[in-house]
Amino acid sequence: MTSASTAQSASAGGPGSDRTATDHPAGAPATTGGDGIPAVVRRRLVTVDARLDGHAWLATGVVVLIAAILRFLGLSGPNGKIFDEIYYARDAYGLIDRGVEWNYKDNGPSYVVHPPLGKWLIGFGEWAFGYQDAETKISVPGHLMTTAPEFGWRFAAAVAGTLSVLLLVRIGRRLFRSTTLGCAAGLLLALDGFHLVLSRTALLDIFLLLFVLAAFGALVLDRDARRRRWTRALEAGLDPSLPGRAGRPPSSWRDWPWWRLLAGVLLGCACAVKWSGLYFLPAFALLVIFWEVGVRRSAGVRRPWRDTLLDELPWLLVAGVLMVGTYLLTWSGWLLGDDGYYRLASRYPNTPGLSDAPVIGPLINLWEYHRAAYGFHTQLDDPHKYQSWPWQWLLLGRPVAFYWSGDGNCGAPSCASEILLLGTPLLWWSFLPALAATVWLGLARRDWRAGAILLCVAVGLLPWFWFALDGRTMFSFYAAPALPFLVLAVVYVLGAIISPAGAPLGSTVATREEVSDRRLVGGIVAGGYVLLVALCFAYFYPIFVGRLLPYADWSARMWLDGRWI
């Protein structure tokens, strides 16, 4: 961290705390700087130094390099399409080849029930590195280079997984004002088996995770940008107690909430991968509102709620329009061509509601397509060997086997090779205690970060509890968008262990030596935890990547009385 960033961190209570109204201890003088801003107000508006931090980026690079090696090493194995790659890799090639998902076996458009963006991304990897399908006799070389075809359709997932680790490091650093804790968050995500398997498989969920996390990160940057805007205005002599525009910062195009608008685009991308990205829309809107109210209250605005709603609701509406526009743009192949399923009413005479009217016809047909896909999702209740319920997910009650083979020579009488969508057990079994501790710490400290983390976990998991009431078929990978926020909850608790929310150094509440000792012990505890997670990951690594093992070694990793088989 830079010296300026370190000073900011210290003034805010260190990496484990971000105090608001309690920053100013009772009886301490409310000193005012040369610019007239009271010290307590400046502390409340402080943000992480936005300047380039070489040491922080170096540490980030090391974590991302670890993640990239784990995700790209041996990416082309096992051979062939595993689990739902049989659908998504084929649909992705159809998008690149014809602009829509295409059934080459029957030579007709495919009926699909997920939006196209995730498959577009998979298809770009196939375009770059080649594609092959034994069943349909398709074999095309890559435009950039020719590799094993499996590498082509898994490439985009590996990139998305690596980028999500990068994002979590930087988001964690801004949330916790600590490069160490940010890197810890990224490293825990990099060493999670659930995330690793999704990063090495041509499924959609890793892209949904990436775009949701990126949208959240954009909102965190928006929060910082808005706080810096108010700080500059106060330094320039703004009186926030004045009514109307006179009590608000001057506005120009440079002060527009660009990061918030980007969050709308990214959330549109998330919904264009899977509709479940839509669950995060109300949560992110609430975060914007509460954060804006918080910055205005800290600055001394008389009516922060009223002013926030008047000023920010129009921008939220613009972000929503960008979200919808981004979503529709990902359907451009379907909208601009004639080959898509339900695209032309004349090809589906027995389907009511379709239209071939100019301009509006494609939109009407797209709406009917969405209605049909939604009906499929709501009626999906066929039993599946690896289905599970939401209350099992964080307990690893029923992971999904993506691949299994007993062939090969491992030097033992019988062998096994498996890819199991299983979270690193020590990490995942920490989630529930970490969530409970985050609730407690968040309430005790009135900490906005705890609330943001818990809200994102809730919208990532709780809707599935509702859908479970009607017996809908579900799988553990539906929890993917909540995973980064679960990791942030763990790191939030580690930060509290390392650096308690005590009084500033020099006060009578905590001496410098006491704080130093607490941080030393807390650092050892946190470092030991991360090391144990790494060792646990290493033990299960063979069943994350399909490495051939003696059957006895594979069986030893099947915990929970065979529930993982």
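This one's a predicted model, so the numbers in the text were calculated from it and none came from an experiment.
- Here the straight-line distance linking atom CG of L189 with atom CG of L483 works out to 5.5 Å at 0.5 Å rounding.
- Scored by the ring-ring contact (aromatic ring centres under 6.0 Å, His included) test, F216 finds F485 as partners (sequence neighbours excluded).
- Nearest heavy-atom pair across A202 and Y88 is O-CB, 3.4 Å.
- Here the CG-OH distance, from L267 to Y327, works out to 12.5 Å after rounding to the nearest 0.5 Å.
- Rounded to the nearest 0.5 Å, atoms CG (D447) and OG1 (T438) are 9.5 Å apart.
- Each of W428, F544, F537 was checked for a side-chain contact (heavy atoms from CB on, under 4.5 Å) with D192, and the lone residue meeting it is W428.
- Counting non-hydrogen atoms of other residues, nucleotides and ligands closer than 6.0 Å to CH2 of W440 gives a total of 12 or fewer.
- Closest heavy-atom contact between L191 and T424: O-OG1, 2.7 Å.
- Between A185 and L168, the shortest heavy-atom contact is O-CD2, 3.4 Å.
- Across L221 and R174, no two heavy atoms sit closer than the pair CD2-NE, 3.1 Å.
- Salt-bridge check for D255 with R232: passed, with a basic side-chain N closer than 4.0 Å to an acidic carboxylate O.
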- [ ] Could you please spell out the steps behind the side chain to side chain contact (heavy atoms under 4.5 Å, CB included) verdict for W291 and W448?
- [x] CA-CA 8 Å; W291 290 349; W448 65 272; 3.6 Å; yes
Open item on the list: As a quick check of understanding, evaluate side chain to side chain contact (heavy atoms under 4.5 Å, CB included) for L394 and L486, giving each step before the final call.
Closed with: CA-CA 10 Å; L394 300 189; L486 291 164; 3.7 Å; yes
Open item on the list: Evaluate S76 against T147 for side chain to side chain contact (heavy atoms under 4.5 Å, CB included), listing each step before the verdict.
Closed with: CA-CA 9 Å; S76 58; T147 64; over 6 Å; no
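- Partners of Y403 by ring-ring contact (aromatic ring centres under 6.0 Å, His included), not counting sequence neighbours: none found.
- The minimum heavy-atom distance between L316 and A285, with the atom names listed, is CD1-O, 4.4 Å.
- Residue pairs that meet the salt bridge (Lys or Arg N to Asp or Glu O under 4.0 Å) test with at least one member in residues 258-274, sequence neighbours left out, are D205-K274, D222-R260, R260-E292, R260-E312.
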TODO: Give the intermediate values and the outcome of side chain to side chain contact (heavy atoms under 4.5 Å, CB included) for residues V63 and V165.
DONE: CA-CA 8 Å; V63 174; V165 171; 3.9 Å; yes
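- With a 4.5 Å cut-off on side-chain heavy atoms, R71 and V159 do not count as touching.
- When every heavy atom of A56 is checked against every heavy atom of T179, the shortest pair comes out as CB-OG1, 3.5 Å.
- How far CG of L175 is from CZ of R170: 12.0 Å, rounded to the nearest 0.5 Å.
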